[in-house]
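Excluded from the calculations below are hydrogen atoms, water molecules and symmetry mates; all remaining heavy atoms, backbone and side chain alike, are included. As the structure is a prediction and not an experimental result, all values here were calculated from the model. All residue numbers in this chain count up from 1 along the given sequence.
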Amino acid sequence: MADTPGGTADRGAGPGTDADARTRTLAERIDALMPRAKADLAELVAIPSVADPRQFPPEECMRAARWVADAFTAAGLHDVRLEETPDGSHAVLGHRPGPEGSPTVLLYCHYDVQPPLDEAAWSSPPFTLTERDGRWYGRGTADCKGNIVMHLTALRALGDALPVGLKFVAEGSEEQGTGGLEQYVSAHPDDIRADTLLICDTGNAAVGRPTATTSLRGLANVVVTVSTLRGDLHSGMFGGPAPDALAALIRMLDTLRDAAGGTAIDGLECTGAWTGVPYEEEQFRADAAVLDGVRLTGSGSVADRLWARPAVTVLGIDCAPVVGSAAAVPASARARVSLRVPPGTDPGAALAALTAHLKAAAPWGARVSVETEGTGSPFLAATDGPAYRTLGEAMAQVYGRPMEFLGQGGSIPLCTVLAEACPDAEIVLMGVEEPRCLIHAPDESVDPSEIRNMALVEALFLLGYASAR
């Protein structure tokens with residue numbers, strides 16, 4: 001894993017050069033477009049495009065898809081259309097041909113968002129764009145509608161001045177992990193084939209710190225169900241000898257971690273080390289808003305635990321709520337468990353290890369079933385090609401400092417599918433997200449300067465990439 005800048009920042013960009021004038025002109029255009037970017041993001045955030053019909057009407061996702069299709073058609077893409085994918089979601093696809101012999105760049109984003117969770121935990125309504133202390137708050141402002149607006153702003157600033165061809169895809173169910181676009185790409189690889197793929201669903205290490213993400217963890221998600229009785233029983237009459245399904249589940253879940261809180265799953269290697277740019281513990285504590293006095297879980301460096309080792313999380317438990325619960329011994333309980341796996345770990349093997357571990361950990365002969373919810377492969381980028389050199393130069397011009405390479409603990413299973421469909425393409429992960437965005441959590445936000453700066457980075461990249469090949 002490289003820990004050095006991804007390009008030579010000063011090539012052709014000295015004082016008074018054409019590159020400087022080009023950058024200034026684009027920056028002025030993008031600055032003038034930022035009020036429109038805010039208005040666009042407000043419209044998008046107002047659409048609750050959660051791709052789960054159990055929580056929000058499917059019409060909302062369709063409304064977001066049509067918004068994206070209309071906006072990118074107006075921005076100059078051709079034949080923009082909605083394609084239904086095998087999971088029932090709709091991908092927005094379009095293209096724009098470049099000059100004869102020019103390379104093609106794919107722009108990726110997704111328009112679906114995470115559910116708002118507990119709306120009472122938000123400081124402002126989750127589906128209303130709200131400005132506070134210089135940041136824009138709302139579900140999807142960063143992940144990933146902020147990246148949609150970033151693409152639009154870059155294309156509007158460029159106008160017709162594009163020396164490359166473009167392809168575009170906006171996914172409709174990325175947050176649900178149901179694999180609709182992955183399956184579509186496998187069946188229609190020509191729709192996304194390009195020389196470089198800009199996967200704009202990550203971001204910088206911090207505001208003003210230009211970063212390309214080169215490592216992603218894969219995942220294996222399961223739902224485990226524990227049953228001990230034919231039905232709930234009065235806890236006074238039967239509690240004690242009657243096996244409590246929720247207590248059994250709690251014991252099982254506790255075995256997934258060691259005494260320090262690190263992931264410890266039988267048959268799974270959990271001692272990897274990160275060799276790239278470190279993530280300082282104090283910075284992580286601040287980014288994650290860890291409470292004073294609470295220790296971090298696991299051992300090794302923060303980067304080891306975050307980017308190089310498996311990480312298990314209990315995402316949810318189905319059991320009786322505190323308010324309204326009866327004095328009864330639970331007959332069954334279930335939990336949704338997510339396992340993130342680093343590059344070098346096969347997600348199928350991780351899934352098998354997690355499943356076997358949970359079943360073996362069941363106490364008292366409790367009956368256990370484990371349902372596979374989904375898997376995704378980890379990803380490791382090659383960073384020695386012309387796209388990374390061009391990106392490094394663009395980031396250095398915009399941010400005034402070299403681009404860094406970092407890992408990310410999250411998963412984008414599509415990256416592996418894209419790498420298989422485009423084996424010779426460079427895949428770049430970037431975007432407007434950074435730790436303070438609190439993606440997937442209440443009070444998600446974006447720093448508008450990151451939308452502005454990353455739009456400028458993308459515009460400079462699209463102008464410079466053809467000549468760098």
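Within the 3.5 Å criterion, the main-chain N or O of Arg24 finds no donor-acceptor partner in the side chain of Arg29. The main-chain N or O of Ser449 is found under 3.5 Å from a side-chain atom of Asn453 such that the two form a donor-acceptor pair. Using modelled atom types, one side-chain atom of Ser49 and one backbone atom of Tyr111 make a donor-acceptor pair closer than 3.5 Å. No donor-acceptor pair under 3.5 Å is formed between the side chain of Thr345 and the backbone N or O of Val341. Of the possible polar contacts, one joining the Glu444 side chain to the Gly140 backbone as a donor-acceptor pair under 3.5 Å is found. With Arg217 contributing its side chain and Gly409 its backbone, the two residues share a donor-acceptor pair below 3.5 Å.
Residue Leu339 forms a side chain to side chain contact (heavy atoms under 4.5 Å, CB included) with just one option from Leu268, Val222, Leu256, and that option is Leu268.
What you find for Cys200 and Met150 is that their closest heavy atoms are SG-CE, 3.6 Å. Of all heavy-atom pairs between Ala468 and Arg389, the closest is O-NH2, 3.7 Å. Considering all non-hydrogen atoms of both residues, Ala441 and Arg139 come closest at O-NH1, 3.0 Å. The two atoms that bring Ala205 and Pro435 nearest to each other are O-CD, 3.2 Å, heavy atoms only. Contact between Ala194 and Thr104 at its shortest, heavy atoms only, is CB-O, 3.4 Å.
Side-chain atoms of Glu83 and His188 form no donor-acceptor pair, as typed in the model, at a separation below 3.5 Å. Looking at Gln114 and Asp143, their side chains never bring a donor and an acceptor atom within 3.5 Å of each other. For the residue pair Asn204 and Tyr399, a side-chain donor N or O sits within less than 3.5 Å of a side-chain acceptor on the partner. Side-chain polar atoms of Gln397 and Thr23 form a donor-acceptor pair below 3.5 angstrom. Looking only at atom types and distance, the side chain of His110 has no donor-acceptor partner in the side chain of Glu171 under 3.5 Å away. Inspection of the Asp112 and Ser173 side chains reveals no N or O donor paired with an N or O acceptor under 3.5 Å.
A salt bridge links Glu434 with Arg135: at least one charged nitrogen is closer than 4.0 Å to a carboxylate oxygen. Taking the charged nitrogens against the carboxylate oxygens, Asp40 and Lys145 have no contact shorter than 4.0 Å, which rules out a salt bridge. A salt bridge links Glu131 with Lys38: at least one charged nitrogen is closer than 4.0 Å to a carboxylate oxygen. Salt bridge status for Arg285 with Asp292: absent, with no side-chain N to carboxylate O gap under 4.0 Å. Looking at Asp447 and Arg452, no side-chain N of the basic residue comes within less than 4.0 Å of a carboxylate O on the acidic one, giving no salt bridge. Look at Asp160 and Arg96 and you find a salt bridge, because one of the NZ, NE, NH1 or NH2 atoms lies within 4.0 Å of a carboxylate O, short of that distance.
Two rings, from Tyr279 and Trp307, have their centers less than 6.0 Å apart. Within the 6.0 Å centre-distance limit, the rings of Phe56 and Phe127 are counted as a close aromatic pair.
Tyr137 carries Arg132 over the face of its six-membered ring, with the cationic atom under 6.0 Å from the centre and within 45° of the normal.
Remark: Arg63 CZ is packed, more than 12 non-hydrogen atoms of other residues, nucleotides or ligands lying under 6.0 Å away.
Remark: Arg336 pairs with Glu373 by the salt bridge (charged side-chain N to carboxylate O under 4.0 Å, His left out) rule, at least two apart or across chains.
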